[in-house]
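Here is the structure we will look at.
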Amino acid sequence: MTNRDSLKIAVASGKGGTGKTTVATALALSLAEDTSKPILFLDCDVEAPNAHLFLKPQFREEKPVEILIPEVNEELCTYCGKCAEVCQFQAIAVLSQRVLVFPQLCHGCGSCTMICPTNAIHETPKTIGVLQKGTAGEIEFARGVMDIGEPMAVPIIRQLKKWVAPLKPKITIVDSPPGTSCPVVESIRGSDFLLLVTEPTPFGLHDLKLAYQVAKELQIPAGVVINRENGVYEELDEFCAQVNLPVLMRIPFQRVIAEGIAKGENLLNILPEMSEDFQNTMDVIKTLVKKGK
Amino acid sequence: MKIAITTTAPQLQAQLDPRFGRCAYLLVVDSETMEFQAYPNPAINAPGGAGIKMAKFVSDLKPDAVISGDFGPNAAEALRSANLAMYLFGESQSVQDVIERFKTGKLTRF
Ligand code: SF4
Ligand code: SF4
């Protein structure tokens, strides 16, 4: 998908609150110290983007994200029900001489318009979010922001990826949404490496297992960052060893980190010496990606 | 009258199911004879829009009223546009109880 000298790394976690964005932004900042390689940071957590808090970008460009939703001309409609049948999302319903469209459920796939035998449906654009682009120091920064109450993250992520494609960065860091649902898969798709951030707790391990499944299904090489490590949690290391998932980094639990993050400071500001750890991690990732090819 | 009620099992003795879109069963009961038909919820595994799918299913059965514990906004809109009267079963404990209260006008209209 990507050519030889460009690298795309997605940072994900099976659940929120593991420090995924902390890791993603710190990785980007450590790489940005070498200014010869342009870096793009992509905040794909469109429901709750927060990477800007740590990277403090200046936005210069904006573009609304629209999907096309059906509008029914009831004069042409015969209430045949074909549109409702074809819709996978129950976003259009035909009930006794009425056709109802539920814009909040509509994915804008266009199937209903195509199938309507009387051409009673036409499509109208509806804004579901916005794309923003700018710079944070040496880092190109772009993100998608979903409008409140809009449930469609996938089209925003898809359009965000398309929008930044012409930038052709050497390295792209993708901050994925938490979880393992469709938006996560969409944000990870096309990446060369998946960095999974987890915590050394039973919950962390449970969610890591789910996230690992996603990596396996998408056939993307993956590695783990254990955040807030506080003593040894053997089950986590055992699982990683068992499925051959390399642990690339361990960030110890430290009060200064927690306090700094809470104030919106990025990890490298708090502990500048960690920059080297991230750069080393990056070298390992590069080796793993090469090996995978 | 034909009354549609959401229940957890396909029997008259079943417990009421407070969810409309995600109910286990729908019982359509004749309020005079207590004869009934039970339908498993066709929308139970729908990833989204279960309420709408269920509303469509119910409206095709053409009952005189639909009774459940609550109705989501989408389901309510769909049922309303199908001109179906919605009621909440509130404190009712059984299907029998719901029918009694319905007949005596003690149920809250949704
Ligand atoms: S497919 Fe077209 S004609 Fe049939 S119910 Fe839908 S809008 Fe009406
Ligand atoms: S555009 Fe697609 S998702 Fe939207 S109502 Fe039509 S078929 Fe359903």
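Letters go in sequence order (proteins before strands), and every chain restarts at 1.
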| Just wondering, do Leu195(A) and Val225(A) contact through their side chains at under 4.5 Å, heavy atoms? |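 Side-chain contact under 4.5 Å: yes.
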| query | Who are the ring pair (Phe, Tyr, Trp, His ring centres under 6.0 Å) partners of Tyr87(B), not counting sequence neighbours? | reply |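 Applying ring pair (Phe, Tyr, Trp, His ring centres under 6.0 Å) to Tyr87(B) gives Phe102(B).
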| query | For Tyr25(B), which residues count as a ring pair (Phe, Tyr, Trp, His ring centres under 6.0 Å) partner, sequence neighbours excluded? | reply |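 By the ring pair (Phe, Tyr, Trp, His ring centres under 6.0 Å) rule, Tyr25(B) matches no residue at all.
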| Which residues share a salt bridge (Lys or Arg N to Asp or Glu O under 4.0 Å) with Glu47(A), sequence neighbours left out |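 Per chain and number, Glu47(A) pairs via salt bridge (Lys or Arg N to Asp or Glu O under 4.0 Å) with no residue.
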| request: Provide the closest heavy-atom pair for Lys161(A) versus Leu42(A) in the form atom of the first, atom of the second, distance. | output: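 Between these two residues, the closest heavy atoms are CG-CD2, 4.4 Å.
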| field | Residues of residues 50-77 of chain B with any heavy atom under 4.5 Å of a heavy atom in chain A | value |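 Residues of residues 50-77 of chain B touching chain A at under 4.5 Å: Ile52(B), Lys53(B), Ala55(B), Lys56(B), Ser59(B), Asn74(B), Glu77(B).
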| request: Go through the atoms of Phe102(A) and report whether side chain, backbone, both or neither lie under 4.5 Å from a heavy atom of chain B. | output: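 Phe102(A) touches chain B through side-chain heavy atoms alone.
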| Axial cation check for Phe141(A) ring with Lys133(A), 6.0 Å and 45° limits |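 Not flagged: Lys133(A) not positioned over aromatic ring of Phe141(A).
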